[in-house]
Amino acid sequence: TRHCDIPGVIEDEVTGLLAPEADTVALAERIERMVEISDAWATMLVAGRRRVEASFDARTQGVRLAELYAELVDASSP
C-alpha cells in the first residue's frame, strides 16, 4: 500500500504495484492485476533489486550520510 515509506521503495508499475492505504477493494484489484501481468514479474523483480541496490545499499548510504555531515560542518564553520 501507499503507507509510510513503502512508496519510497516500491515504484508503482515498475518495481511492484501500490494501492491506497486501507482501500481493500483497490488492494484486491492490484492483486488481480499482478496475476494478469505475471509475465512482467521477472522484469519488476530485476528493477526492484536494482532500485534497492542503488538507493538503499549500506555503503552508498554511509557515503551519502558522511557527505551530508561534512556539508553541515562546513556550513556551521565561521
Side-chain angles (χ1 to χ4, degrees):
T1 65
R2 295 187 185 279
H3 174 77
C4 202
D5 294 336
I6 295 171
V9 178
I10 302 297
E11 186 177 357
D12 196 29
E13 298 284 342
V14 177
T15 63
L17 301 179
L18 292 171
E21 186 174 5
D23 186 340
T24 56
V25 172
L27 182 58
E29 290 171 353
R30 299 310 269 177
I31 292 170
E32 288 176 355
R33 173 111 168 91
M34 282 300 292
V35 172
E36 292 169 359
I37 62 167
S38 61
D39 58 323
W41 292 359
T43 302
M44 287 181 156
L45 176 67
V46 170
R49 180 170 183 120
R50 286 186 180 145
R51 181 177 176 91
V52 167
E53 288 174 345
S55 300
F56 301 101
D57 177 74
R59 288 186 189 123
T60 302
Q61 290 301 317
V63 169
R64 289 179 180 165
L65 185 59
E67 290 170 351
L68 177 62
Y69 285 156
E71 288 177 25
L72 291 171
V73 169
D74 288 344
S76 66
S77 297

Could you tell me whether D5 atom CG has more than 12 heavy atoms of other residues or ligands within 6.0 Å of it?
no
How close do [X] and [Y] get, counting heavy atoms only, and between which atoms?
X: M34; Y: W41; value: O-NE1, 2.8 Å
X: T1; Y: I6; value: O-CG2, 3.2 Å
X: T15; Y: V9; value: OG1-O, 3.9 Å

Measure the CZ-CG distance between R64 and D57 for me, rounded to the nearest 0.5 Å.
9.0 Å
What pairs meet the salt bridge (Lys or Arg N to Asp or Glu O under 4.0 Å) rule with one or both residues in residues 12-21, with sequence neighbours excluded?
R2-D12, D12-R30, E13-R30, E13-R33
For residues 36-51, which residue pairs qualify under salt bridge (Lys or Arg N to Asp or Glu O under 4.0 Å), counting only residues two or more places apart or in two chains?
E11-R51, R49-E53
Given the rule that I, L, V, M, F, W and Y join up when any side-chain heavy atoms are under 4.5 Å apart, are L18 and V14 in one cluster?
no
Quick one: does S76's side chain have a donor or acceptor within less than 3.5 Å of a partner on V73's backbone?
yes
Taking the side chain as everything from C-beta on, heavy atoms only, tell me whether R59 gets closer than 4.5 Å to V63.
no
